[in-house]
Each structure stands twice: as structure tokens, then as C-alpha cells.
Amino acid sequence: MSDPMIDEWYPVALFSKLDAAGRDTLLMGHPIHVARTGSERVAATEADGRSLPVRIRYGHVWTSLGEPKKELFDIPEADEPGRRLVDVGVVRVRCSPLRAVENFLDIAHFPFVHTDILGAEPHTEVEKYDVEIREKEDEVWATKVKFFQPQAAKSAAGGITTDYMYRVPAPTCSVLYKTCPPRPGEWDVITLFVQPLTEELCDVWPWMALYDDEADMTDLIHFQQMIFLQDRSILENQIPRRLPLDPGMEIPTRADMTSVAYRRWLKRHNYTYGAQLVAQ
Amino acid sequence: MFPNNWCKWTPVALSADVPAGTVIPAWTPTGDVALWRSQSGQLSASSDRCPHRGMRLSHGFVRGEALACIYHGWSYGRDGACLRIPAHPDLQPPASINTRNQITTEREGIVWVVNEAQDEPPPSFDGYWPLRSMTFQASIAALEAAAGAKADISGLIRCTLGGETAFLLAVTKGEAETIVHVLADKNASLAQRIAISQAGEQLRRDAESADALEGAN
Amino acid sequence: MKLYDYILSPSCYKVRLLAALTGTQLTLRPVDFHPGGEHLSPALLALNPAGSIPILEDGELVLTESSAMLVYIAAKAAPEWLGSGDPAESAQIQQWLSFSHRLTASLGGARLVEMLLRPGDLAALQASGVKALRELEAALAVQRMKGDIFLTGSKPTVADIACFPYVALAPDGSIALDPYPSIRLWLRAVRALDGFIEMPGIHRLHELKPEPAKETA
Ligand code: FES
Ligand SMILES: [Fe+2]
């Protein structure tokens with residue numbers, strides 16, 4: 001496998017739920033085993049016994065089949081005191097890991113897929129926002145994204161215009177920063193960590209770091225599971241299953257600038273696991 | 001079976017299964033379609049893939065005279081042209097965005113689809129009216145064996161189901177998948193139609209187990 | 001009434017749905033089923049040794065089977081959901097309530113394997129799910145021949161609510177609903193009921209609302 005995605009870090013387990021018996025799973029088509037070996041220790045091994053590098057971060061266990069050239073990306077907000085860290089739990093989706101990330105970067109679907117929660121007709125317009133590939137960090141960023149939300153989060157009553165920033169620090173991970181109703185001026189952090197099982201199958205591990213002292217932890221988990229499960233039936237019905245990287249097969253508009261930049265960034269790095277390169 | 005040398009049309013669904021204001025998935029040899037009927041009753045067969053981000057349009061919804069995609073709400077008219085992009089309410093969508101619709105027609109309760117204009121309309125079945133559509137996980141050969149009858153030159157299988165004469169319109173979807181539209185005498189009583197429908201279930205079990213036996217050999 | 005609830009559980013949703021349709025107030029007590037496994041905690045096992053949710057509490061009464069909860073809510077708030085009282089109809093409603101447990105075991109089982117990574121024999125669960133869907137399709141086809149759309153007549157009952165969620169969510173367990181035209185129309189009829197609420201995986205019927213008028217700048 002010459003795909004440079006092999007040298008990236010991927011989530012493979014929820015650390016809090018991992019026991020000594022461990023978890024048999026797949027990473028980019030390779031069977032691996034992940035198990036707890038101590039209170040703060042985890043081992044990941046390939047079928048032939050080769051041990052893989054491991055990181056425990058953001059509630060999850062991360063590993064790589066190759067030799068990561070970079071440390072796992074940083075989410076500085078994760079360590080800020082006062083944030084509630086929410087392990088949302090795994091959901092399996094029959095789709096390309098890249099399609100799962102692209103959907104996470106999209107706001108135009110809110111009124112139709114997350115109706116009356118993240119969006120609602122007639123407030124469907126996506127205003128212009130900024131997108132860039134930050135060369136130094138080598139990340140895709142979308143900023144100044146605004147959208148009307150009838151119920152922005154569990155703790156939000158009534159509609160507001162919500163601000164968002166989206167960040168893609170790794171080919172199958174995205175971090176969303178979003179208006180934090182209880183603390184104006186701060187950003188809630190909502191992530192989508194995607195484990196590519198194969199090019200057309202993934203385990204998705206949403207995770208959050210929120211300023212919310214009120215809500216019950218279970219309510220926070222359920223809110224995010226509800227949102228993601230609304231997306232799942234979309235993701236399993238996109239054709240083709242793999243993300244087309246060549247222009248022509250799908251038609252973006254200005255609302256899709258983040259997706260366009262993400263696709264361009266994937267192509268530039270030759271991150272093609274889960275991508276479709278030639279039309280048809 | 002359909003389509004064939006004499007009939008290029010594919011029977012894709014029963015008219016009654018796609019009422020006004022609905023969309024359903026259907027299959028043709030030239031691809032999956034989202035078959036939809038506008039509020040005023042007009043039928044269209046759009047390619048089952050939204051040009052925007054590939055979502056299946058058969059999961060969408062029909063409002064008035066347009067089909068809308070469930071993902072971002074782009075809507076399309078009967079000619080396939082994109083009418084509206086909700087993310088950009090003031091934008092007139094470019095004419096190049098089109099769902100590439102096929103040609104549809106209805107005759108005696110059956111919806112037929114073809115990808116290029118035909119001189120001949122689809123066939124008529126002489127006092128027989130569609131009862132229901134079924135999907136068999138079986139080949140046409142297994143279906144014919146179970147029905148005890150072969151398709152005639154027009155493609156029609158005439159057989160006896162539940163003691164009554166029935167016509168079967170079969171469409172080969174894959175090697176081991178066949179769509180079957182079951183037709184019964186227009187004047188059949190409710191009891192006779194129920195008997196044919198139940199016998200259709202047995203026909204499917206027979207056809208599928210015939211194929212399973214074949215596979216074991 | 002207090003419902004021990006999980007947003008992704010079709011069985012919990014049945015109870016929420018009937019409550020919404022009958023105007024019954026429920027106090028929801030979210031249970032961290034996934035990933036927390038809270039339904040197996042001592043506190044919940046004390047309420048329901050079977051370790052399943054939903055659980056419905058009303059004063060001294062504790063119910064642990066969703067079909068019983070549907071009957072209880074209907075009897076209290078809207079007895080028309082229990083049918084007309086005709087013996088054959090009452091028995092058929094009971095039959096569909098029992099049938100709904102087959103849907104839970106098969107379609108629901110496949111969904112838990114495919115979606116939440118629970119252990120299970122996926123192929124076997126899917127095969128028994130398809131068998132149940134075919135049975136339902138055949139029964140609904142007969143209902144339509146009689147001019148009815150719901151399971152036991154022209155009006156919905158607890159039978160429809162008991163069967164609706166796992167059928168609507170069959171695709172979550174990679175079981176396609178494409179081959180079932182009568183099931184599709186029945187699902188639509190349930191989704192179009194006054195007071196209907198969704199759960200994740202079941203989209204809003206956006207066509208029930210008119211297209212928003214274009215704002216003039
Ligand atoms: S995929 Fe159809 S509107 Fe976006
Ligand atoms: Fe979404």
C-alpha cells in the first residue's frame with residue numbers, strides 16, 4: 001500500500017470502554033487488535049503480532065499502520081479547565097470515510113436533514129464564508145460560517161444565528177467550533193473522528209468538549225447521536241459510495257467551498273483511501 | 001421478459017404504487033430511477049442520483065410539480081432541469097444541472113420507462129389488470145420453471161395462480177433477481193385476487209428454492 | 001408517566017410516537033444505553049430484570065414491554081387506537097403486536113449489529129427480517145385490495161405503531177425497503193398522521209409544508 005494515508009493516526013477505540021479483552025477491528029482493511037494493558041496503557045497489534053504505535057487522546061485510542069511523520073493533531077481547547085468532555089460512542093456507517101468527513105463540513109443540509117434542530121425552512125441560505133488551506137499547519141479551515149438554527153444545542157432554547165468554524169487537521173478527522181450559548185465569546189468543540197475500516201465502511205467516533213454545566217451527560221450524548229444518526233441514512237445512500245475527487249462528477253456551489261477545499265487538499269496529498277479518482 | 005426485441009419499454013411499477021405527490025425507487029436496464037408523480041398527476045423518471053452530491057433522489061420529496069432532494073433540497077422539474085437551490089435562493093440554477101430523465105408512459109395501470117423515444121406504445125393486456133409487483137431473488141429461468149410456463153414471443157408469461165389465470169411481466173434485474181408484475185383478470189373478485197396474490201408468494205418460494213438447489217449442485 | 005428512554009431505540013420511539021399522536025404527556029428519563037450500557041445498571045435492573053428499555057412508570061405501575069405500553073396509553077387517552085372492539089379486529093391487533101416482536105428480533109437485531117456493533121449473526125438476522133417484511137407486504141397488499149391502508153382497517157391502531165419503527169428503520173440494518181410498494185405507502189400513511197414525530201433515520205415529509213415563498217430583497 002503506497003497510500004500516504006497509511007502514515008496517519010486513526011481512532012480505533014473509546015479509551016474509557018476499552019478493557020483487557022480488547023477489541024478486534026479493521027484499519028484500512030487490516031485486522032488489528034486493541035486492548036488495555038494498564039490503567040493508562042493500551043496496546044495495538046496487527047494480525048502478525050507486529051505492534052503499532054499508540055496514543056491516548058481526546059477520549060480515544062489512536063493508532064497507525066505506518067510511521068506517522070507528525071504527532072497526532074492538537075486540539076488546545078481539549079485541555080481547558082471547565083469543559084465537559086463527552087464520549088459519544090461509536091456508530092458504524094456504510095460509506096467512504098471521506099464522505100463522512102465531507103458531510104460533517106456541510107451546513108446547507110441542516111434544514112432538510114436536521115429539521116427544526118440545526119436548521120429549518122425558510123432559513124436555507126448559506127452566506128459567503130472564508131475558506132483557506134493553512135500552509136503552515138497544513139489544515140483546511142472554514143471561518144465566519146453563519147447559519148440560522150431553530151435549536152442550536154441541547155442547552156439552546158429558541159432560534160439563533162450560530163457561528164461556526166470548521167477545521168480538517170487529518171484526512172478522516174474534523175473539528176467544529178461553534179457558538180456556545182452559555183458562554184458568549186467561547187467556542188464549543190465538536191469533533192468527528194473517523195476510523196476507516198475499508199474504503200467503503202467506517203466506524204465514526206464523535207466527541208465533544210463543551211462548556212455546559214447544566215445539561216445531563218446522557219442528554220449531551222443523545223443530542224449528538226441524534227444528529228449523527230440523521231446523517232447516517234444520507235451517507236449510506238450517496239452514489240458512488242466513494243468520494244469523487246475529480247471535478248465533473250458532482251456539482252458544487254458557493255455553499256460547498258469547504259468541501260471543495262477539502263477535496264483539493266486530499267488530492268494534493270494523494271489522500272485517496274475512500275476516494276474515486278476517475279469518473280465511473 | 002421485458003424489455004425485449006419487440007418491446008423496448010420496461011414495466012417499472014404499478015400506477016397505483018406511485019400516487020400523486022410521491023416518489024419511489026425503480027429499476028431500468030439503463031440505470032436506477034426515481035419515479036415520481038407531481039401533485040397534478042404527471043409522471044417522471046429521473047436518474048436516481050442527485051447531480052449535487054450523489055444522494056439518491058428516490059429518498060427525496062415531491063412538492064407541487066417538482067422533485068426535491070432530501071439532502072440539500074435542490075429541486076428538479078419534469079424536464080430534469082434544476083429549478084431551485086435553497087442555499088442560494090436568489091440564484092437561477094445553470095441549465096447544465098439536470099437529472100437526465102427517461103421517457104415514461106402509463107397504460108392500463110402499469111408505468112413503463114424507456115430511454116429513447118419509441119414509435120410503438122407499450123403493449124396492452126387484453127382485459128388483464130395489474131395486481132401487485134414482487135421482487136424474486138431468482139432467475140427468469142427459475143421463475144418460468146416454478147410457473148410451469150415460458151414467456152411467449154411478446155415476453156408475457158401466462159400461468160395459473162391460485163386456480164386462476166394470471167399474467168406475469170418479468171424484468172431481469174440481475175443474474176438472480178427478477179421483478180415480477182402480476183396481472184389478474186380485470187373482473188376477478190376480491191377473493192380471486194387475494195388467492196392469486198397468495199399463490200404469488202408460493203410461486204416466489206418455489207422459484208427461489210429452485211435457484212437455491214441449482215446453486216448447491 | 002415516566003418513560004426510560006433512548007433516542008435511538010425504535011421500541012422507545014413507539015411509545016413516544018403514540019404519546020405524541022394521542023396528546024399524552026410523558027416525562028422522559030434518558031438512559032445511556034450506548035455507549036454507557038446504563039440499562040444493565042443495578043438501578044435499572046431493579047426496575048426491569050430483563051435489562052431492556054423502554055420502561056414505563058405510572059404511579060405504582062411499571063411496564064417493561066413496549067406493546068403493553070402502547071395498549072396502556074391508548075386505553076387511557078385514546079381508546080380508538082385499540083380498534084372498534086370487534087372480536088376479529090381485536091385479535092388481529094394482538095396478532096400484529098406479537099408480530100412486531102419478530103420485527104424487533106430480526107430487523108432490530110440486524111440494525112444493532114450494523115450500526116452499534118453489537119454481536120450477532122448478521123446474515124441470519126437479515127434473512128429473517130426479509131421474511132417478515134415479505135409477510136407484511138403481502139398482508140398490506142391484501143389490505144389495499146380491500147381499499148384499506150392500515151394493518152387492520154382504514155384507521156391506524158396500536159398495531160401500526162408497534163410495527164412501524166423497525167420497518168421504517170430496516171435500512172439501518174442494511175435491509176433495503178425498495179422491493180415493497182405496499183409497505184412504502186403504509187409507512188407514508190403513518191408518517192402523514194396528524195401529530196406524527198420523527199426519530200433519527202426517519203426524515204420529515206417536507207412536502208407536507210409548502211415551499212417557502214421567495215423573499216424579495
Ligand atoms: S445531494 Fe441532492 S441537493 Fe445536495
Ligand atoms: Fe448533518
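Letters A, B, ... are given to chains in the order of the sequence lines, protein chains preceding strands, and every chain is numbered from 1. Remember, predicted model here, so these are calculated numbers, not experimental data.
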Legend entry - Residues of residues 40-50 of chain B contacting chain A, heavy-atom criterion under 4.5 Å, by residue number: B:D48, B:R49
Inset, instruction - Drop me the distance from B:M55's CE to A:I239's CD1, to the nearest 0.5 angstrom. - result: 8.5 Å
Inset, instruction - Output the residues of residues 72-88 of chain B for which the shortest heavy-atom distance to chain A is under 4.5 Å, in residue-number order; output 'none' if no such residue exists. - result: B:H72, B:G73, B:W74, B:I85, B:P86, B:A87, B:H88
Inset, instruction - Could you have a look at A:L235, A:V126, A:L243 and say which one has the most heavy-atom pairs with chain B under 4.5 angstrom? - result: A:V126
Legend entry - Per-residue contact mode, A:P244 against chain B (heavy atom under 4.5 angstrom): neither
Legend entry - side-chain contact (heavy atoms from CB on, under 4.5 Å) between B:R53 and A:D256, worked out: CA-CA 10 Å; B:R53 285 292 181 248; A:D256 302 310; 3.9 Å; yes
Legend entry - Nearest atoms (heavy-atom pairs only) where B:H52 meets A:P252: CD2-CA, 4.5 Å
Inset, instruction - Please say whether more than 12 non-hydrogen atoms of neighbouring residues, nucleotides or ligands are located less than 6.0 Å from NZ in A:K144. - result: no
Legend entry - Option in A:R263, A:E102, A:R99 with maximal non-hydrogen atom pairs under 4.5 Å from chain B: A:R263
Inset, instruction - Could you verify whether a donor N or O on one side chain and an acceptor N or O on the other, from A:N237 and B:Y71, lie under 3.5 Å apart? - result: no
Legend entry - Contact class of A:D231 relative to chain B, heavy atoms under 4.5 angstrom: neither
Inset, instruction - Check whether A:E127 gets within reach of chain B through its side chain, its backbone, both or neither, counting any heavy atom under 4.5 Å. - result: neither
Inset, instruction - Assess whether atom CZ of B:R205 is packed by more than 12 heavy atoms of other residues, nucleotides or ligands within 6.0 Å. - result: yes
Inset, instruction - Can you tell which part of B:H59 gets under 4.5 Å to a heavy atom of chain A, answering side chain, backbone, both or neither? - result: side chain
Inset, instruction - Considering only heavy atoms and a distance below 4.5 Å, find which of A:T253, A:N103, A:I251 pairs most often with chain B. - result: A:I251
Legend entry - Gap separating the CG atom of B:L91 from the CZ atom of A:R254, nearest 0.5 angstrom: 8.0 Å
